[in-house]
Amino acid sequence: MIFSPFWKKAAVGLLLCAPLAVPAQTHFNGAKALEYARQVAAIGPRWPTGPGHVKAEAFLRAHFRHDQLEEDTFTANTPIGLVPMHNFIARFPGKKNGVIVLATHYETNYWLRNINFVGANDGAATTGLLLAIADQLREEVVRHKMLEGYSVWLVFDDGEESILPTWTDSDSLYGTRHLAAKWARDGTLGRIKAFMLADMIGDKDLDIQRESQSTDWLVDLVSRAAKRFGYDRYFFQTEEAVEDDHLPFVRRGVPSIDVIDLDYGPNNSYHHTVQDTMDKISARSLTIDGDVFMETIRLIDQR
Ligand SMILES: [Zn+2]
């Protein structure tokens, strides 16, 4: 993602009902999310058409082999020609009629293919986050047959990054533009209560900006969720517009938020460089993210 050209400045834990026990407060397993992120980053660069991308696809397929996994394969028309791309959608059914989507991209930039860019924070961290969230959702589905609230769909999208170094509207967001159009055609969009994007929030030095094109009520719910855990200081201290995977959904009227920390290293100097490595991200940040995403799901369910 990039800053938008019209850039402007501007608690409780999960309640686990154990038998004969009072509800215990627990935190999200950020260590597990970090371990998954490590596995994704260890694949190496994952640019479209590259060997690492094929491995990342296999990794996701294997991880969700016992779940409802859809592989949404399509051909993107890019500046280097037609490129096969793969979105993955893991579905966890809920009792309420409607869907909450959590999304991340998993690929790395084609234009960075000649350096060892592994995207530890940019792609791997949030893929790890969603994989650990999947584990938690899977447990709940096993225990209760369905989630108590809305269905939750985890989207691992392809082609978020531009193919060429210069980001444009037509050379970026391939996977989510494709998915939003497809879901508009088949009526799925109308079932989506919220689209929540996670991007670059593994950063040890976590400061999540308020992305100004995101939906106000959803930003407010994320704020409330953060407050419940005493995480206020990590959220929304500054505001800016960011071009990212939420936009194809924002533009189609789906309530959406980009939960992003686009302040990575001194003067954002780790962003899209070989400096984006595992030592820059932490289990603690992923715990904060996971706590807030899971609590926000709960708040959306109650809304
Ligand atoms: Zn990026």
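Numbering of ligands and ligand atoms starts at 1, following listing order. As a basis for the values below, the full set of heavy atoms in this structure was taken, side chains included, without hydrogen atoms, waters or symmetry mates.
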Between His272 and Trp111, how do the two ring planes meet: parallel, tilted or perpendicular, split at 30° and 60°? perpendicular
Quick check: does His105 have an N/O/S atom under 2.8 Å of the Zn ion (ligand 1)? no
Parallel, tilted or perpendicular for Tyr270 and Tyr264, by the 30°/60° rule? perpendicular
For His105, which of Asp122, Asn87, Asp244, Thr176 qualifies under side-chain hydrogen bond (donor to acceptor under 3.5 Å, both in side chains)? Asp122
So does Asp199 have any N/O/S atom less than 2.8 Å away from the Zn ion (ligand 1)? no
Taking the N/O/S atoms of Asp122 one by one, which is nearest to the Zn ion (ligand 1)? OD2
Asp199 vs His246, side-chain hydrogen bond (donor to acceptor under 3.5 Å, both in side chains): CA-CA, chis, key distance, verdict: CA-CA 10 Å; Asp199 199 3; His246 61 315; over 6 Å; no
I'd like to know if the Zn ion (ligand 1) has an N/O/S atom from Glu161 within less than 2.8 Å of it, counting both backbone and side-chain atoms. yes
